[in-house]
Asker: 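The structure under discussion is supplied below as structure tokens; questions concerning it will follow.
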Protein chains: 2
Amino acid sequence: MKVTIKDVAKEANVATSTVSRVLSNSPKISEKTKENVHEAIKKLNYKPNAIARSLANNKTRILGVVLPEDADDILNNPFFINAMKGMSMYAQKKNYYITYTFSKTQQIERKHLKDIINSNLVDGVILLRVSEDDKNTAYLRSIDFPFVVVGRPDNPEEVLWVNNDNISAMYNVVEKLIKKGHRKIGFVGAIENLNMSKDRFIGYKNALFDNKISYDESIVVHKDEFIENEGQSACNELLQNKDITAIVTTDDLIAFGIMKELKLKNIDNISIVGFNNTPLSAYQNPPLATVDINAYELGYSAAKLLINNLEGKEHAKRHYIVDTEFIERESFI
Amino acid sequence: MKVTIKDVAKEANVATSTVSRVLSNSPKISEKTKENVHEAIKKLNYKPNAIARSLANNKTRILGVVLPEDADDILNNPFFINAMKGMSMYAQKKNYYITYTFSKTQQIERKHLKDIINSNLVDGVILLRVSEDDKNTAYLRSIDFPFVVVGRPDNPEEVLWVNNDNISAMYNVVEKLIKKGHRKIGFVGAIENLNMSKDRFIGYKNALFDNKISYDESIVVHKDEFIENEGQSACNELLQNKDITAIVTTDDLIAFGIMKELKLKNIDNISIVGFNNTPLSAYQNPPLATVDINAYELGYSAAKLLINNLEGKEHAKRHYIVDTEFIERESFI
DNA sequence: TTGTATGCGTTATCAA
DNA sequence: TTGATAACGCATACAA
């Protein structure tokens, strides 16, 4: 039989409320009964029932993570794993559990989000991707449910978020290239409506502008997906422009495709920079220079942000910016 | 305000118990009241509270996954991700949620396991790694808590498990090498006390035996960790033996280390086979032949096994064997 | 400082 | 076929 708070109360000759107070470390309880109760707890090996607790105080200490709809991403993109790991570490530290939903389509993703919230299972939600005019954040805001997004939401003042400074991250990459003497720097991005995509593109343009290099639309390509194929085809578009000397991308997978295509064409004098520092990037030939976005820290901060706000910490921060790091490798020439 | 079963009952002019019966599709309920109640549910947009439900029937529909203690594994080893994905897919299909614990040490892992069980948060547990004389399975059995292991437990009759046939998977690899003419085939494994390691080693020996090749202890190395470094040092040990022509390993990471070392030594006439078909394996130079263990399917089956048994399905299976597949690539010469 | 009583939102038991 | 009510295990308002 499961031992409950009643058993402890009986054993310690106190009321269940007293036991409950001892458990929650209530200040107004005498040292003596405290010890007394602790003894009974130990003797009976009592463990509070998390579910009953949740029902009583309407808090589950479970966080819900919504993994983005494109399930394949999750396998090939360590961003999600690292972010999950970061979240998990902070959550565990604070005695929270994490559950999550995988979904194949956006529609199912919405359904999962609603289910998990309506069932009262989670205290808050973390979104790992945010797009322009994002339906999920809109929904969460409409029902006033606690959540944080990893990425930049449309309305940054009204939403909890953690993010890299993608503008300056890309700005720095482009500026490094310019310092190396590059003037014709191509840009390849994908999924243009992600705010992350937009920011990296802005960083690109800003760096050009600040260095008095005119923006050339003909060496900018926006693709639909973060996959190698897109990189390959983008590469071909860019090569129409003979004098290009460098290409920056918003994702390593795109950069992989570009490198593949350049190799086919026997071109080895174009500088390539990826984004996200995926494990494969170091194994490219030549190894791909890239930007580490510190996914672990993004996840960790996201959990911290959410939990602090759930627990109503005064002056709780409302967002974090996580540093990025340029990883220089041989493709950066 | 949250709408509860009481509100629905009031709206439909029935008792809460009736609403509850409608919800659980109880047979003895008239079509008329059923419709009536459904209408009220829709009108009020009522969603049952999962926590209250859990408390009432002592089932949470949450599964706990214990990720192995070595956190770094989880990042580099897509096995865990794929397995999690498989589990998630089946769980979602059956309206279960999954939560998990990451741990840095075995000790903390045990604590997490106990916490998650004692708090009554999960209905069952999935273990993603099992070793000889496994403490976790022993604990779970001692308290008679539902669980399944991915891998081979010591007492297969008494435990729910899913597994590859690691013996025959490695047997097939070695036999393929023998058919190619190899006679001096080295073996490199790690973490000898994992049953998985043992089985692959047995497969190796059996294949030699059945092909009348004498077992040579001097070309067998057991290392401590599944990392590249161990592969490199193992390689050096094996090369003492000049006439070796092939090396099988129990993990791709080990194989990577071996290939690295061989390249340093300018040796390119030794056949190498990895295990687990990690993404990097295809990107080695030459691409690494390996064995795909179908982690997704392992996870999927594990969840299926656990849920079926939790729900007391009659004749529920007590284990699954998931097929492996040899992935032939250029390192297989 | 402690105890009593009640509520949290369901399901299950027992009667009707 | 339906309703009233206890029970699930804990937290907390109110009393003492």
Side-chain angles (χ1 to χ4, degrees), chain A residues 1-41 44-62 95 115 117-123 311-312, chain B residues 1-38 40-41 44-62 95 115 117-123 311:
Chain A
M1 248 344 265
K2 268 284 172 194
V3 17
T4 76
I5 202 172
K6 281 185 193 163
D7 302 316
V8 176
K10 203 173 291 171
E11 175 73 28
N13 265 312
V14 295
T16 60
S17 48
T18 303
V19 178
S20 178
R21 288 188 189 104
V22 171
L23 251 35
S24 60
N25 230 306
S26 162
K28 40 188 172 183
I29 207 99
S30 79
E31 276 307 317
K32 200 175 162 193
T33 50
K34 203 181 281 186
E35 269 180 45
N36 191 1
V37 168
H38 275 305
E39 235 168 71
I41 288 177
L44 301 180
N45 190 27
Y46 165 71
K47 312 282 177 186
N49 181 314
I51 300 296
R53 214 170 232 187
S54 296
L55 185 61
N57 59 20
N58 202 26
K59 287 187 173 50
T60 63
R61 298 187 85 84
I62 303 178
N95 285 314
D115 282 351
I117 289 173
N118 287 325
S119 67
N120 265 299
L121 191 65
V122 300
D123 290 346
E311 299 189 342
Chain B
M1 246 348 264
K2 268 286 172 191
V3 18
T4 75
I5 201 171
K6 282 183 191 164
D7 302 316
V8 177
K10 203 173 291 170
E11 175 74 28
N13 264 313
V14 296
T16 60
S17 45
T18 302
V19 178
S20 178
R21 287 188 189 103
V22 171
L23 251 35
S24 60
N25 230 306
S26 162
K28 40 188 174 184
I29 207 97
S30 79
E31 275 307 318
K32 199 176 163 193
T33 50
K34 204 182 281 186
E35 269 179 46
N36 191 2
V37 168
H38 276 305
I41 288 178
L44 300 181
N45 190 28
Y46 164 71
K47 311 283 178 185
N49 180 314
I51 299 297
R53 222 171 223 186
S54 296
L55 184 61
N57 59 20
N58 201 27
K59 288 187 174 46
T60 62
R61 299 187 85 83
I62 303 178
N95 285 314
D115 283 352
I117 290 174
N118 287 324
S119 67
N120 265 300
L121 190 65
V122 299
D123 290 346
E311 299 190 341

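Naming: A, B, ... by sequence-line order, numbering from 1 per chain.
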Asker: So, does B/R53 get its side chain near the phosphate of C/dT11, meaning an N or O under 4.0 Å from OP1 or OP2?
Answerer: yes
Asker: With a 4.5 Å cut-off on side-chain heavy atoms, are B/L23 and B/V37 touching?
Answerer: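 A side-chain contact under 4.5 Å is absent here.
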Asker: Just the rounded figure in Å: distance from P of D/dC10 to NZ of A/K10.
Answerer: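 Rounding to the nearest Å, NZ of A/K10 and P of D/dC10 are 13 Å apart.
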Asker: Between B/R21 and B/A56, which has a closest nucleotide on DNA chain D that is more 5'?
Answerer: B/R21
Asker: Is the shortest heavy-atom distance from the side chain of B/I51 to the side chain of A/N58 under 4.5 Å?
Answerer: no
Asker: Closest-nucleotide mapping onto DNA chain C: is A/K28 or A/T16 further toward the 5' terminus? I mean the 5' end.
Answerer: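 Of the two residues, A/K28 wins.
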Asker: Any side chain to side chain donor-acceptor pair (under 3.5 Å) pairs touching residues 25-37 of chain A, not counting sequence neighbours?
Answerer: A/S30-A/T33
Asker: Please check: side-chain N/O of B/S54 versus main-chain N/O of B/K59, any donor-acceptor pairing under 3.5 Å?
Answerer: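 Checked: pair present.
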Asker: Base, sugar-phosphate, or nothing: which does B/K47 touch, judged by heavy atoms less than 4.0 Å apart?
Answerer: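 Sugar-phosphate, backbone atoms only, no base.
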Asker: Just to be sure I understand the rule, does B/I29 reach a base, reach only the sugar-phosphate, or reach nothing, if contact means heavy atoms closer than 4.0 Å?
Answerer: sugar-phosphate
Asker: Determine the contact category for A/V19: base if any of its heavy atoms lies under 4.0 Å from a base atom, sugar-phosphate if only primed atoms, P, OP1 or OP2 are that close, otherwise nothing.
Answerer: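 Contact class for A/V19: none.
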Asker: Can you find a pair of side-chain heavy atoms, one from B/V22 and one from B/V14, that are under 4.5 Å apart?
Answerer: no
Asker: If you look at every strand shown and take non-hydrogen atoms under 4.0 Å, does A/S17 touch a base, only sugar-phosphate, or nothing?
Answerer: base
Asker: What is the separation between atom CZ on A/R61 and atom P on D/dC10, rounded to the nearest whole Å?
Answerer: 16 Å
Asker: Does A/T33 reach a base, just sugar-phosphate, or nothing at all? Heavy atoms under 4.0 Å.
Answerer: sugar-phosphate
Asker: Quick one: which of D/dG9, C/dT10, D/dA13 gets closest to the side chain of B/P48?
Answerer: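 In terms of side-chain proximity for B/P48, the closest of D/dG9, C/dT10, D/dA13 is C/dT10.
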Asker: Round to a whole Å and report the spacing from CD1 of B/I51 to P of C/dG9.
Answerer: 12 Å
Asker: For D/dA11, does either OP1 or OP2 sit under 4.0 Å from a side-chain N or O belonging to A/S20?
Answerer: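 Answer is yes, contact under 4.0 Å.
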Asker: Where is the tightest heavy-atom contact between B/V3 and B/V8, given as atom of each residue plus distance?
Answerer: CG2-CG2, 4.5 Å
Asker: Using whole Å, report how far CG of A/N57 lies from P of C/dG7.
Answerer: 17 Å
Asker: Pick base, sugar-phosphate or nothing for B/D7, based on heavy-atom distances below 4.0 Å to the nucleic acid.
Answerer: nothing
Asker: Answer with base, sugar-phosphate or nothing: what part of the nucleic acid does A/L55 contact at a heavy-atom distance below 4.0 Å?
Answerer: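 The residue A/L55 makes base contact.
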Asker: Map every base of DNA chain D to its dot-bracket character, where paired means a Watson-Crick or G-U wobble contact with both distances under 3.5 Å and | marks a partner outside the strand.
Answerer: ||||||||||||||||
Asker: Answer yes or no: does a side-chain N or O of A/S30 lie under 4.0 Å from OP1 or OP2 of C/dT2?
Answerer: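 Yes, within the criterion.
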Asker: Would you find a donor on one side and an acceptor on the other, under 3.5 Å apart, between the side chain of B/S20 and the backbone of B/T16?
Answerer: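 No: the side chain of B/S20 does not pair with the backbone of B/T16.
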